[in-house]
Amino acid sequence: MARIECVAMILAGGQGSRLGVLTNEVAKPAVPFGGKYRIIDFPLTNCSHSGISTVGVLTQYQPLDLNTYIGNGGPWDLDRNNGGVYVLPPYVSMSENKWYKGTANAIYHNIQFIEKFNPKYVLVLSGDHIYKMDYRKMIDFHKEKEATATIAVMSVPWEEASRFGIMDADEDGKIIEFHEKPENPISNQASMGIYIFDWENLKIVLEEDEKDENSSKDFGKDIIPKMLSNKMPMYAYRFQGYWKDVGTVHSLWEANMDIIADPPLFNLNDSNWRIYSRNPIKPPHYISNDAVITNSCVTEGCNIFGDVDHCVISDGVTIEKGAKVRDSVIFPNVHISSDAVLEKVVVGEGTVIGKGAEIGLESKDDNPYASHLCTNDIVLINGNIKIPDGAKIYKNSMVRTFDIGGGDRT
Amino acid sequence: MARIECVAMILAGGQGSRLGVLTNEVAKPAVPFGGKYRIIDFPLTNCSHSGISTVGVLTQYQPLDLNTYIGNGGPWDLDRNNGGVYVLPPYVSMSENKWYKGTANAIYHNIQFIEKFNPKYVLVLSGDHIYKMDYRKMIDFHKEKEATATIAVMSVPWEEASRFGIMDADEDGKIIEFHEKPENPISNQASMGIYIFDWENLKIVLEEDEKDENSSKDFGKDIIPKMLSNKMPMYAYRFQGYWKDVGTVHSLWEANMDIIADPPLFNLNDSNWRIYSRNPIKPPHYISNDAVITNSCVTEGCNIFGDVDHCVISDGVTIEKGAKVRDSVIFPNVHISSDAVLEKVVVGEGTVIGKGAEIGLESKDDNPYASHLCTNDIVLINGNIKIPDGAKIYKNSMVRTFDIGGGDRT
Amino acid sequence: MTNMIGLILSESYLQLNGLTDKRSVEALPIAGRYRLVDFMLSNMVNSDITSVGIVTKTKYSSLMDHLGSGKEWDLNRKNGGLHIIPPYSGRGIQGLSEGTIDLIASASSFIRRSKEDHIILSKGNIVANIDLKEVEKFHEENSADITLVYYESKEATNRDLGDHIVLEVDDNCRVRGIEIRPIRPKSRNVFMNMVLMGTGLLQYSIDEAYARGDRDFIRDLLIKNLSNLKICAYKFEGYVGFVHSVCTYYSANVDMLKEDVRREIFNSSRPIYTKIKDQVPARYGSEASVHNCLIADGCIIQGDVRDSIIFRGVNIGKNTKVSNCIIMQDSVIEAGCELKHVILDKEVTVRDGGRLIGDLTHPMIIDKGEVV
Amino acid sequence: MTNMIGLILSESYLQLNGLTDKRSVEALPIAGRYRLVDFMLSNMVNSDITSVGIVTKTKYSSLMDHLGSGKEWDLNRKNGGLHIIPPYSGRGIQGLSEGTIDLIASASSFIRRSKEDHIILSKGNIVANIDLKEVEKFHEENSADITLVYYESKEATNRDLGDHIVLEVDDNCRVRGIEIRPIRPKSRNVFMNMVLMGTGLLQYSIDEAYARGDRDFIRDLLIKNLSNLKICAYKFEGYVGFVHSVCTYYSANVDMLKEDVRREIFNSSRPIYTKIKDQVPARYGSEASVHNCLIADGCIIQGDVRDSIIFRGVNIGKNTKVSNCIIMQDSVIEAGCELKHVILDKEVTVRDGGRLIGDLTHPMIIDKGEVV
C-alpha cells in the first residue's frame with residue numbers, strides 16, 4: 001500500500017450541550033449551517049481541497065446521523081480506494097471498555113487506525129469550526145520549520161483572549177509559551193484548535209500521556225504543554241481570514257448572518273473552493289407572486305409565499321403567505337404557516353410554526369421558556385415539533401416542546 | 001427519499017472466541033477465507049447479487065479492520081447514493097451507555113437506522129456463514145405466504161439437530177413449533193440464522209422484548225418464540241445448497257478444504273455469482289521451476305518455490321524451495337521458509353515459519369501447545385509471529401507465541 | 001425489485017434552433033437545474049431499474065459530460081448500471097445508423113447480456129414522473145405482448161395532435177389502431193414513446209426486422225403486428241411535457257411555475273436526479289424583487305424578476321427587469337437591462353442597459369457564450 | 001503532495017499484427033492481468049498526480065472499457081481525475097489530428113484548467129515503475145525548463161537503438177543532442193518518451209508551434225530549442241520494457257518471469273493498479289505440473305505449463321503441454337494439446353489435441369475469439 005503523507009483526524013465527539021435542543025438528536029458536527037451545509041462540511045471540504053484524502057472522524061454522541069450523512073464520503077471527493085473518510089466511534093477492545101476521555105485520548109484510541117496508513121504527519125482538526133483553509137500551506141510551513149508540532153493561530157481581540165489557548169512565539173514563529181485560557185494573556189495569538197504533528201513524535205507523547213493519571217488527556221491542556229516542556233520544536237502558523245467557533249446558539253446564529261451580510265463577511269461563493277455537502281435531491285426553489293424576499297439566501301426545494309428579510313433559509317422550507325420572517329435561521333423542511341411573525345429565531349429541522357404565531361416578542365419577566373443558552377434576543381425552537389396557531393414566544397427563549405400552559409426552563 | 005424495500009442487517013458482533021488466536025486482532029467476519037476472501041464477503045456478496053443495497057453491519061469487537069475492509073462498500077457494489085453499507089457499532093445515547101446485549105438487542109439499538117430507510121422488510125443475517133443464496137427468492141416466498149417472519153431452514157443430519165434451532169412446519173411451510181437447541185429434536189429442519197421480518201411487526205416485538213427483563217434479547221431464544229406465541233404467521237423457507245457455519249477452527253479448515261475438493265463441494269467459480277471482495281493490488285502469482293503444485297488454489301502475489309498439495313494459499317504468500325505444505329490453509333502474506341514441513345495447519349496472516357520447522361507432527365502426550373479449540377489433528381498458528389528454524393509443533397496445537405521452552409495452554 | 005431494463009433512444013432529427021447546435025435534445029437544460037434526459041432516467045431508477053442503456057447518435061459529448069459514470073443516478077454499478085452506447089457498436093454497420101430499429105440493434109449486446117424479462121424503450125425528450133412498475137404490473141395483468149404508454153390530451157387541437165403518434169384503444173385497453181402524425185386524428189390518446197415488452201420478443205423482432213431491411217419501429221413492428229400480437233395501452237394520468245420544438249421547450253419550462261405540476265414532477269418519493277454542482281444557496285440583494293419564479297442555487301439576484309426560470313449560477317444586476325425568460329446556467333445580466341420572452345443559453349452576458357424583447361410564440365434565443 | 005498533472009499520448013502508428021487490430025497498443029493485455037497503459041497510469045497515481053489526461057486517437061473503445069471512470073486508479077474525482085480526451089475536441093480541427101503537437105493541442109482545455117505548475121507528458125507503451133516525484137525534484141534542483149527521462153541501455157545493439165530516440169547528455173545532465181532513430185547512435189541513452197515541463201511553457205510552446213504549422217514535438221519543440229531552453233535529462237536506473245513490436249511485446253511479458261524484474265515492477269509501495277475482475281484464485285488439478293510461470297486468478301490448470309504467462313480465467317486441460325506461451329484472458333486449451341511460442345489473444349479455444357508451434361523470433365499469434 002502506498003504511504004499516505006498526512007492523515008487528518010477530526011474531533012467530532014463533543015456533546016455540544018451549549019447548542020441546547022439542536023444537539024438533542026444529532027451530533028454537533030451534523031448541525032445545519034448556511035442553508036445547505038452541515039458544520040462538518042467545512043473541515044471535510046478543507047481536507048478535500050488540500051489534497052488530504054484520508055480522514056478519520058472521531059465521534060461518540062449520536063453517530064448515526066453523522067454516519068449516514070458522511071456515508072461513503074463521495075460528496076467531499078473522499079471515496080478513495082486507499083484512504084477515504086472513516087467514522088470512528090469507540091469500540092470494545094479485549095482489555096477495556098470505555099468512551100473517549102479527552103481529545104488526546106480519542107486520538108490515542110485510534111493509533112491503530114493511523115498506523116495503517118503509516119503517515120508522516122497527522123493533522124488534528126475540530127468538527128465545529130466554520131472556515132476555509134488550505135492545510136497544504138500549513139504543512140509546507142511545518143516542513144520548512146522542521147517542527148514537531150505546528151499550531152494554527154489567529155489574532156483575537158485582547159478582551160477575548162482569555163477564552164482561548166494563547167501562544168507566545170518568537171519572530172520566526174517558534175512557540176515559547178503556551179497557556180490554555182489564561183487569566184492574564186501575554187499575547188492575543190489564539191490557537192484555532194488546528195494542529196499538525198509529526199506522527200512519530202506525537203505517538204510517543206500520546207502513549208506517555210495515557211499513562212499519566214493526572215492528565216485530562218486533552219491537546220490544549222496536556223499534550224501541547226508536555227511537548228513544550230520536552231523542548232520539541234513547535235511553531236505557530238498565522239492564519240488570516242474568517243474563522244468562527246459555532247459552539248453556542250449566539251455564535252451559530254451570528255455566523256449564519258455573516259454569510260448574508262453585504263458584502264458577506266464569509267464568502268461561500270468561491271468557485272476555487274466550493275463547499276461540498278451532501279446535496280438534497282430537490283428542485284430549484286419557487287418564489288411566488290406574493291412573496292417579498294431581500295437580503296437573504298434561499299436554497300433548493302423551498303416555496304416562499306411570505307415576506308422574508310435578512311434570513312438564511314435551508315432546503316425544503318415553506319413560508320406561507322402573510323408570514324413575516326426576519327433576521328432568522330430556518331433549518332431544513334420547516335413549515336411556517338400564514339401570518340406567523342418570526343424575528344431573530346433559529347428554527348430546528350422539520351418544525352411546523354402555526355398560523356399567526358408570534359416568535360421573538362419583547363421580553364417579559366415571567367417568560368416560561370427563558371434559557372441561559374439563548375442570549376442576544378435569540379429564540380431557539382426545537383426540531384420536529386409543532387408550535388400552535390397564535391402561540392406567543394418571547395426573546396431569549398429555548399422551546400423544547402411547546403406547552404400552552406408554560407414551558408421548560410434549562 | 002425513495003423508500004427502500006428491504007434493509008439487511010448483518011450480525012457481525014460475536015467475539016468469535018472459538019476461533020482462538022485468529023480473532024485476537026480482527027473481528028470474526030474479517031477472518032480470511034478461501035484464498036482471497038473474508039467471511040463477511042459472503043453475506044455482502046449475497047446482498048449485492050440479490051439487489052439489496054442497504055446493509056447495516058452490526059459490530060462491536062475490533063471494528064477497525066472491519067471498518068477499513070468494508071470502507072465505502074465499493075467492492076460489493078454497495079457504494080450507493082441512497083442506502084449502501086454502514087458499519088454500526090454501539091454508541092452513547094443520551095440515556096444509556098451500553099454494548100449490544102444479544103442479537104435482538106443489537107437490532108433494537110439500530111431501530112433509528114432502519115427507520116431512516118422506511119423499509120417494508122428487514123433481512124437479518126449472520127456474519128459468519130459461508131454460502132451463496134439469492135435472498136430475492138426468499139423475499140418472494142415471504143410475500144407469497146404473507147408471513148410476518150420467514151426463517152431459512154435446511155436439513156441437517158439427525159444426530160446434529162440438537163446443535164441448531166429446530167423447526168416443525170406444516171406442508172405449506174407454516175411453522176408450528178420452534179425449539180432452540182432441543183435435546184430431543186422433533187425434526188431435522190435447522191434454522192440457518194437467516195430471517196426476513198415485516199419491519200412493522202418486528203419493531204413492535206423488539207420494543208416489547210427490550211422491556212422484558214427475563215429476555216436474553218436473542219432472535220432464536222426470545223424473538224422467534226415470542227412471535228410464535230403471539231400467533232404471527234411464520235414460515236420456513238427451505239434452502240438447498242452449500243451452507244457452513246465457520247465458527248470453529250475445524251469447521252473453518254473444513255470449509256476451506258471443501259472449495260478445493262475435486263469436484264469442489266462449494267464452487268466459487270460461478271460467473272453469475274462472483275464472490276466480491278476487496279482485492280489486494282498484487283501481480284499474478286509465480287510458480288518456479290522447482291515448485292510442485294497440485295490439488296490447491298493459489299492467488300495473486302504468491303511466489304511458490306516449494307511443494308504444495310491440497311492447500312488453500314492466500315495472497316502474498318511465499319513458500320521457499322524444499323518446503324512441503326499439505327492439507328493446510330495459509331493466510332495472506334505468510335512466509336514459509338525452506339525445508340519446513342506443514343500438515344493440516346492453519347497459519348495466521350503475516351507469520352513467518354522458520355527453516356526446517358515441522359508442524360503437525362504426530363501427537364505426543366505433553367504437547368505444550370495443546371488446545372481444546374484445535375481438534376481433528378489441526379494446528380493453528382497465530383498471525384504476525386515467527387516460528388523459529390527447526391521448531392517442532394504437534395497435532396491439535398494452538399500457538400499464540402512460540403516459546404522454545406514450552407507453550408501456552410488455552 | 002423489478003424485472004426490467006431500460007433503453008433510451010436518442011432523438012436526432014429534432015432541431016431547436018441554436019439550442020441543439022452543439023447538444024442533442026436530451027442534453028437540453030430544463031427547469032432550472034436539470035437536463036431533459038434526467039426525467040426519463042430518474043423514472044427508470046425510481047422504478048428500481050438498475051441497468052439502463054442510452055443509444056446516442058450525434059453531438060453526444062454534452063450528454064456524456066452530464067451523465068459521467070452515472071453516479072448521481074446511482075448507476076455506477078458493477079452489474080448493470082449505465083451504458084452509453086455509441087451507434088457504431090452495432091453489427092459492423094459503417095457510419096451512423098439510421099432509423100429506430102438500427103438504434104435498437106446498436107444496443108443488441110446490452111440487451112442480450114441482461115437477465116431481466118422486460119425492457120422499457122423510451123425517448124429522452126419527455127418531462128413526466130411516471131412509476132414504470134405500475135406499467136409492468138399492467139403489462140403482466142393483461143398478459144400483453146407489448147404495452148404502449150399514452151395519455152389523453154383533452155385540450156390538444158387536431159393540429160397539436162398532428163405532431164404526435166395517436167392510439168386507438170378499445171375498452172379492454174387493447175390497441176386497435178396507430179396513427180402517425182395524423183391530419184384527422186381518430187382519438188386524443190397521445191403515445192408517450194414508451195414501450196414495455198419482453199426482452200426476448202424485442203431481440204427476436206429486431207433480428208427479423210433487420211433481416212427484412214425494415215427500419216421503422218412503429219410502422220414495421222407495431223402497426224404490422226396489431227392483430228398478431230397482443231398490444232395493450234397503459235393510460236398515464238399525470239403531467240406530460242413533450243419537448244420537440246422551441247415552443248414546447250419554453251412551455252415545458254414555464255409549466256414548472258404551476259404548483260400542482262411542480263408537486264407532481266418533483267414528488268419526493270420519486271425524486272428527479274441530476275448532476276450535482278455544489279453551488280451555494282441563491283442570494284437576494286436588498287433591492288431584489290422576485291415574483292413567480294423558479295430559481296436555482298448559485299444565483300445572485302439584485303433586480304426585478306418575474307415569471308421566469310433561472311438556472312444555477314445566474315447573476316441578475318440592479319435595476320434590471322427580467323420577465324417570461326429562461327436564463328441558463330452561469331449567464332450574467334448586468335445592471336439596468338430589460339429582457340422579456342428571451343431564452344439565454346449558458347454563459348451568455350448581457351451588458352449594462354441591454355434590451356432584448358421576444359414574443360411568447362417566438363422567444364428570442366441567444367446562443368451559448370455570446371456577449372450582448 | 002505533488003504539483004504535476006499527467007498527459008498520456010496514445011500511440012497510433014504502432015501495429016502489432018492481429019494484436020492491435022481492434023485495440024490501441026496501450027490497451028494490450030500484458031503480464032497476466034494488466035493492460036499496457038496501467039504501468040504509466042499507476043506511475044502517475046503513485047507520484048500523487050490526481051489529474052491525468054489520456055489523448056486517444058483511434059480504436060479507443062477497448063481502452064475506455066478498461067479505464068471506465070478511473071475508479072481502480074482512484075481517479076474518479078470531482079476535481080481533476082481521469083479525462084479521456086478524444087482527438088476531435090481540439091480547436092475545430094476536422095477529422096483526426098495528426099502529429100504529437102496536434103495530440104497535445106487536443107488537450108488544451110485540460111491543460112489550461114489545471115492549477116499545477118508541471119506536466120508530465122508520456123506515451124503509454126512502456127513497462128516501468130518510476131517515481132515521477134524524483135523526476136520533479138531533479139527538474140527543480142536543476143532549474144530546468146524541460147526534463148527528459150532516459151535510461152542507459154547497455155546491451156542494446158546499434159540496430160536496437162535504431163528503433164529509439166537517443167540523447168547526448170553532458171556531465172551536468174544537460175541534453176546536448178537528440179537523435180531520432182539513429183543509424184550510428186552517439187550514445188546508449190534511450191529516451192523513455194517522458195517529458196516534464198512547466199504547464200505554462202508547454203501551453204505557450206504548443207500555441208506557437210501550432211501557429212507556425214509545426215507538427216512534431218521532438219523535432220520542432222525539443223531539437224530546435226536545445227540551445228534556447230535548458231533541457232536536462234534524468235537518468236532512470238530501473239527496468240524498462242518498451243512495447244513497439246510483437247517481439248518486444250513478447251519479451252516484456254516473459255521478463256516478468258525474472259524475480260528481480262518482478263520485484264521491482266510490482267514494488268508494493270508503488271503498486272500497479274488495474275481493473276478488478278473478482279476472479280477466484282487459480283486452481284491446480286491433481287495432474288498439474290507448472291514450472292516458471294506467472295499465473296493469474298480464475299485459471300484452472302490441469303496440464304503441464306512452462307515458461308509462460310497465463311492471464312485471468314484461462315483453462316488448460318489434462319495432458320496438455322504449454323511452453324513459452326502468452327495465453328490471454330478466458331482462453332481455453334482443451335486436453336492433449338501442445339503449444340510452444342504461441343500468443344493466444346483473448347477467448348481463443350484450442351480444441352482437444354490441437355498443436356501450435358511458433359518460433360521465439362516469430363511467435364504465432366491467434367486472434368481474439370478464434371477456435372483452433
Side-chain angles (χ1 to χ4, degrees), chain A residues 1-2 13-15 17 23-27 54 56-57 59-76 78-95 97-100 109-117 278-282 316 333, chain B residues 1-2 13-15 17 21 23-27 54 56-57 59-76 78-95 97-100 109-117 278-282 316:
Chain A
M1 194 68 86
Q15 206 172 352
S17 50
T23 49
N24 266 3
E25 299 282 328
V26 298
T54 307
V57 179
T59 178
Q60 52 191 320
Y61 296 99
Q62 303 287 357
L64 200 62
D65 263 37
L66 202 58
N67 222 328
T68 51
Y69 183 69
I70 290 176
N72 67 4
W76 304 271
L78 293 172
D79 50 337
R80 305 265 62 91
N81 294 341
N82 183 13
V85 58
Y86 296 92
V87 176
L88 303 169
Y91 57 91
V92 181
S93 66
M94 305 278 289
S95 55
N97 178 337
K98 289 167 194 158
W99 300 112
Y100 298 146
H109 276 294
N110 286 284
I111 284 180
Q112 234 190 313
F113 169 80
I114 298 171
E115 288 280 276
K116 261 184 184 290
F117 301 102
R278 192 169 286 277
N279 283 252
I281 312 292
K282 290 178 183 167
N333 303 315
Chain B
M1 192 69 89
Q15 207 172 349
S17 50
V21 293
T23 49
N24 267 2
E25 298 284 327
V26 299
T54 306
V57 179
T59 177
Q60 52 191 321
Y61 297 99
Q62 303 287 0
L64 201 62
D65 263 37
L66 202 58
N67 223 327
T68 50
Y69 183 69
I70 290 176
N72 67 4
W76 305 272
L78 294 171
D79 51 337
R80 306 265 62 91
N81 295 339
N82 184 14
V85 58
Y86 296 92
V87 176
L88 302 169
Y91 58 90
V92 180
S93 66
M94 305 279 286
S95 55
N97 178 337
K98 290 168 192 156
W99 301 111
Y100 299 146
H109 277 293
N110 286 286
I111 284 180
Q112 235 190 312
F113 169 81
I114 298 171
E115 288 280 277
K116 263 186 181 287
F117 302 101
R278 192 169 287 276
N279 282 250
I281 311 294
K282 289 178 183 166

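In what follows, every heavy atom counts, from backbone to side chain, and hydrogens, waters and symmetry copies are set aside. Chain A is the first sequence line, chain B the second, and so forth, proteins listed ahead of strands; every chain is numbered from 1. Computed from a predicted model, the values in this text were never measured in an experiment.
Ranked by non-hydrogen atom pairs under 4.5 Å with chain A, the options B/Asp79, B/Thr68, B/Asn72 are led by B/Thr68.
Here the straight-line distance linking atom CG of A/Asn110 with atom CG of A/Leu88 works out to 4.5 Å at 0.5 Å rounding. The NZ atom of A/Lys116 sits 12.5 Å away from atom OG1 of A/Thr54, with the distance rounded to the nearest 0.5 Å.
Using a 4.5 Å cut-off between heavy atoms, A/Leu78 does not touch chain B at all. Residue contact with chain B, scored on non-hydrogen atoms closer than 4.5 Å, involves the backbone and the side chain of A/Phe113 alike. Heavy-atom distances place no part of A/Val85 under 4.5 Å from chain B, backbone and side chain included.
Taking each heavy atom of A/Arg278 and A/Pro75 in turn, the nearest pair found is NH2-CD, 3.7 Å. Taking each heavy atom of B/Ile70 and B/Trp76 in turn, the nearest pair found is O-CZ3, 3.5 Å.
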